[in-house]
Number of protein chains: 2
Amino acid sequence: MAINATQALTAREERAWDGYRRMQSLLSSQLNRQLIQETGLSDADYAILSALLTAPDHRLRGMALRCEVQWEKSRLSHHLGRMQTRGLVLREDCLEDSRGAVFRLTEAGRAAVEAATDDRVAAVRTYLLDLLTPEQLDALTEISGAVLARLAQDDPHRRAVAELARGV
Amino acid sequence: MAINATQALTAREERAWDGYRRMQSLLSSQLNRQLIQETGLSDADYAILSALLTAPDHRLRGMALRCEVQWEKSRLSHHLGRMQTRGLVLREDCLEDSRGAVFRLTEAGRAAVEAATDDRVAAVRTYLLDLLTPEQLDALTEISGAVLARLAQDDPHRRAVAELARGV
DNA sequence: GCGTTATGGTTGACGCGTCAACCGTGTCTT
DNA sequence: AAGACACGGTTGACGCGTCAACCATAACGC
């Protein structure tokens, strides 16, 4: 039918893909729902806040933050806007570059992340890490390394990040 | 600080979780974006349509469809509504149960999925399957099996599906 | 039969994520 | 110095996903 027919999936590949697909979808919704229920913070909130938490002085350029969480810039802008109205984060002008913006963790934001960290780690343990053998942990690391490297290949902007993650 | 402090992540666990998190987020957005660009169908559309495609007579009860894709019922309802206005799918009344609804693939819908299938498989190969060794494929299958089993434990409704996936 | 509860499905509101367009500022070229 | 271009960030529109409330019908208990 098609001129450039792709090789169909083998049974082995089919199992792996199907499993990954299901796991991906259910796991992320489970983790997100649970985090929201227990802490009022979404996965997205948590990503931003913990990036800010580890930053010096709890402040980060928008650019740096974007590089950290790997989001589209408009998504970041929208989300930071909402987080600002919720009092988790504060926007300040950037001195070095008048185009830029600097975002700072508020006291409430700091408290929220710190309160959420334990829940987050516990959930990740419960639904992923504690279920795996050390070999499976390593396999997961290798697999994601390979996939991230491939993704970076298509998007040069992502390359540095992927290499950083692999310890290059 | 906290009374019930969770065991912190080891370096090994940290690597695995961080890798998975990054892979998950970038891979799914890459696959979804690519599918939409090349075929006009989102991941969600594709899931629904391919479920209908494999169903006898290309028709499925809403309930069965929901069980297949594992969505919230309101999500399914909303999405099917949109797909209906796009002419991909048709809603009919259910004879056996007057509460129920039956959804049928339109001709356009059938054509759209079939046209998309190759792109989908190719993308999954490019960004995941072709990057992995057979052992890594199996590891992925085992990992997702373990995670899905754990998730099913919390949600009895999901149990049957998970067991089905493991071939029990 | 009749009231109660469970089930299949829809609706509306609201926050989220993406795209494309835009704005102001820095940078590069000549 | 002037124009062109790149860059950091914002905005608006729109489709998506979730939650809670709802409606109609079916199934159950008495």
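Letters A, B, ... are given to chains in the order of the sequence lines, protein chains preceding strands, and every chain is numbered from 1.
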(request) Can you check each nucleotide of nucleotides 8-13 of chain C against protein heavy atoms at under 4.0 Å and return B for base, S for sugar-phosphate only, - for none, in 5' to 3' order? (result) SBBBBB
(request) Round to a whole Å and report the spacing from CZ of A:Arg82 to P of C:dG15. (result) 9 Å
(message) Out of the candidates A:Leu65, A:Thr85, A:Leu90, only one should pair with A:Leu80 under the side chain to side chain contact (heavy atoms under 4.5 Å, CB included) rule; please name it.
(response) A:Leu65
(message) Please tell me whether A:Arg75 and A:His78 have a donor and an acceptor in their side chains that are separated by less than 3.5 angstrom.
(response) no
(request) Go through DNA chain D and write down every stem, that is, every run of at least three consecutive Watson-Crick or G-U wobble pairs with distances under 3.5 Å, as range with range. (result) C:1-30 with D:1-30
(request) Provide, to the nearest angstrom, the distance between the CG atom belonging to A:Asn32 and the C1' atom belonging to D:dT18. (result) 10 Å
(request) May I have the distance from A:Gln84 (atom CD) to D:dT10 (atom C1'), rounded to whole angstrom? (result) 12 Å
(message) D:dT18, OP1 or OP2 - any side-chain N/O from A:Arg33 closer than 4.0 Å?
(response) no
(message) Do the side chains of A:Asp43 and A:Arg33 get close enough for a salt bridge, i.e. N-O under 4.0 angstrom?
(response) no
(request) Verify the cluster assignment for A:Ile36 and A:Leu88: are they in a single hydrophobic cluster under the rule of side-chain heavy atoms below 4.5 Å apart? (result) no
(request) Just grab all the side-chain hydrogen bond (donor to acceptor under 3.5 Å, both in side chains) pairs involving residues 54-69 of chain A, residues at least two apart or on different chains. (result) A:Arg59-A:Glu92
(request) Give a yes-or-no answer on whether the side chains of A:Asp45 and A:Ser42 include a donor-acceptor pair shorter than 3.5 Å. (result) yes
(request) Check the distance between D:dT18's P and B:Gln70's CD and give it to me in whole angstrom. (result) 13 Å
(message) Distance check, rounded to the nearest 0.5 Å: A:Leu129 atom CG versus B:Trp17 atom CH2?
(response) 7.5 Å
(request) Under the side chain to side chain contact (heavy atoms under 4.5 Å, CB included) rule, collect the residues that match up with A:Thr126, sequence neighbours excluded. (result) B:Arg150
(request) Would you mind reading off the distance between B:Glu72 atom CD and C:dC14 atom P, rounded to a whole angstrom? (result) 19 Å
(message) Do B:Leu27 and A:Tyr20 make a side-chain contact, defined as non-hydrogen atoms from C-beta onward lying under 4.5 Å apart?
(response) yes
(request) Scan residues 34-56 of chain B against DNA chain D and write down, sorted by residue number, each residue with any heavy atom closer than 4.0 Å; if none is found, say none. (result) none
(request) For A:Met83 and D:dT10, give me the distance from atom CE to atom P, rounded to whole Å. (result) 14 Å
(message) Here's a test of your reading of the structure: between A:Glu96 and A:His79, which maps to the more 5' nucleotide of DNA chain C?
(response) A:His79
(message) Looking at A:Gln34 and A:Leu31, would you say the former's side chain and the latter's main chain have a donor-acceptor pair under 3.5 Å?
(response) no
(request) Please list, chain by chain and in numerical order, all residues satisfying side chain to side chain donor-acceptor pair (under 3.5 Å) with B:Arg21, sequence neighbours excluded. (result) B:Asp18
